[in-house]
Amino acid sequence: MKHRGIICGILAAVCYGTNPLGALPLYAEGVNTSSVLFFRFSIATMMLGIVLIANRKSFAVTRAELKTIASLGGLMAASSLTYYQSFHYMDAGIASTLLFIYPILVAIIMATLFKERLSKQTILCIIVTLCGIALLYSNDDGSTLSLMGVMLVFASAISYAIYIVGINKTSLRNVATLKISFYVLTFGSLLFLSRLLVTHDFQVPSTDEWRLWINILCLAVFPTVLSLVCTTKAIQYIGATPTAILGALEPVTAVVIGVSVFGEVITSRIAIGLLLIIISVTFVISDGNITLHL
């Protein structure tokens, strides 16, 4: 069982790291961010619905749970939107690594709002993470990352951190993960659809553009459904903390894809910054019990 859990954890992290692989080609063909995310969320919702039906799981939730899930759907939509928009302003590998600071933000929120004590290890890791971000922000030639890109990634990380706290500190912690994810993605799909209808900017690739539809399908399958299912299985086999530690492979995967597929450049300064962030966040996770992602 342990080996299965490790394999599932690795697959979950690697699958989630493929977000840029599906999104960037769509951007290159002019498909806007909201349209990409609408298709990602809606197709993934249908797939999860099929999984729930196939496993004869109940879709029932209380009215109070539905209200909470709707709020969480808004947070997840905001997190995904700002994360995907950041790809327009910075390399996807760097954006994915900056997003990985969400466990530290969870620790800070829990300490601030719920009076949980920050360990010395967590405080040290926060300092190391800030050093890593500083290395990423400024290059050797004096150039800096896009401030807008950095702000978008931080907005995404904060939204997702609040999402995690919301699940852990409400009655939803006792609701099945797949059911929560199904409804969260459903509300997210509706929010993106509403946004597109209001802005009159709904972009649907033609049926002749089969490559774009393959990218859309890959976004729904790999970083959404497969990542979620594998994460759930990994937690069942080896627990939440080891699964979260394996999540360090998410930004590593995104960096490898960015460099090998999209020609992104990683300098020694950036490499050190990425490594500091990944190591420090891994230590924070190992010191606590940070749970899963979408």
Side-chain angles (χ1 to χ4, degrees), residues 12-13 16-17 19-20 23 33 37 40 71-114 116 118 122-123 125-137 145-169 184 188 223-224 227-228 231 240 243-255 258 270 273-285 287-294:
Y16 192 76
N19 269 305
T33 303
L37 286 169
R40 177 196 170 195
S71 299
L72 294 178
L75 286 169
M76 180 55 65
S79 179
S80 297
L81 180 62
T82 49
Y83 176 47
Y84 271 52
Q85 284 181 329
S86 72
F87 294 165
H88 294 293
Y89 297 93
M90 64 171 61
D91 289 346
I94 294 177
S96 299
T97 304
L98 288 176
L99 180 68
F100 194 59
I101 67 167
Y102 73 83
I104 285 179
L105 296 178
V106 171
I108 293 174
I109 292 172
M110 295 301 289
T112 304
L113 299 182
F114 299 98
E116 289 193 1
L118 287 178
T122 300
I123 295 172
C125 288
I126 291 173
I127 295 172
V128 173
T129 299
L130 292 175
C131 292
I133 292 171
L135 287 174
L136 289 180
Y137 189 70
L145 293 177
S146 162
L147 179 59
M148 176 60 72
V150 173
M151 291 174 63
L152 285 168
V153 178
F154 271 95
S156 178
I158 291 171
S159 298
Y160 187 59
I162 297 172
Y163 171 87
I164 290 176
V165 173
I167 288 181
N168 288 336
K169 290 297 182 180
V184 163
T224 312
S227 180
L228 173 64
T231 299
T243 300
I245 292 172
L246 290 172
L249 291 173
E250 294 170 16
V252 172
T253 301
V255 168
I270 291 175
L274 296 175
L275 189 61
L276 286 176
I277 293 173
I278 292 171
I279 290 175
S280 60
V281 172
T282 300
F283 274 110
V284 168
I285 295 170
D287 192 43
N289 202 23
I290 308 302
T291 52
L292 52 131
H293 61 266
L294 277 176

> Partners of V128 by side chain to side chain contact (heavy atoms under 4.5 Å, CB included), sequence neighbours excluded?
Replying inline: L124, L276, S280
>> Is the ring pair Y160/Y102 parallel, tilted or perpendicular, if the boundaries are 30 and 60 degrees?
In response: perpendicular
>> Just so I know, are the side chains of N19 and Y84 near enough to count as touching, which here means a heavy-atom distance under 4.5 Å?
In response: yes
> Residues two or more places apart in sequence or in another chain: which of them pass side chain to side chain donor-acceptor pair (under 3.5 Å) with S159?
Replying inline: none
> Taking all non-hydrogen atoms of both residues, which atom of P20 and which atom of G17 are closest, and how far apart?
Replying inline: CD-O, 3.4 Å
>> Checking side-chain contact (heavy atoms from CB on, under 4.5 Å) between I101 and each of T129, I126, L130, which is the one that passes?
In response: T129
> Looking only at heavy atoms, what is the nearest atom pair of L72 and G166, with distance?
Replying inline: CD2-CA, 4.2 Å
Please list, one pair per line, the donor and acceptor atoms closer than 3.5 Å that link side chains of residues 146-156 to other protein atoms, with sequence neighbours excluded.
| residue | atom | partner | partner atom | Å |
| --- | --- | --- | --- | --- |
| S146 | OG | M148 | N | 3.4 |
| S146 | OG | G149 | N | 3.1 |
| S156 | OG | S79 | O | 2.7 |
| S156 | OG | S79 | OG | 3.1 |

>> Please find the pair of heavy atoms, one from A77 and one from G188, that lie closest to each other, and give the distance.
In response: CB-CA, 4.2 Å
>> Do L98 and M90 have side chains that approach each other closer than 4.5 Å (heavy atoms only, starting at C-beta)?
In response: yes
> Considering residues at least two apart in sequence or located in another chain, which fulfil the side chain to side chain contact (heavy atoms under 4.5 Å, CB included) criterion with A161?
Replying inline: L105, V106, I109
>> How long is the straight-line distance from CD1 of I270 back to CD1 of I94, given to the nearest 0.5 Å?
In response: 4.0 Å
>> If I compare all heavy atoms of P223 with all of R40, which pair ends up nearest, and what's the gap?
In response: O-NH2, 3.5 Å
> Between H88 and T33, is any pair of side-chain heavy atoms under 4.5 Å apart?
Replying inline: yes
> I279: what forms a side chain to side chain contact (heavy atoms under 4.5 Å, CB included) with it, not counting sequence neighbours?
Replying inline: L275, F283
> Of all residues at least two apart in sequence or in a different chain, which pass the side chain to side chain contact (heavy atoms under 4.5 Å, CB included) check with L249?
Replying inline: I10, A13
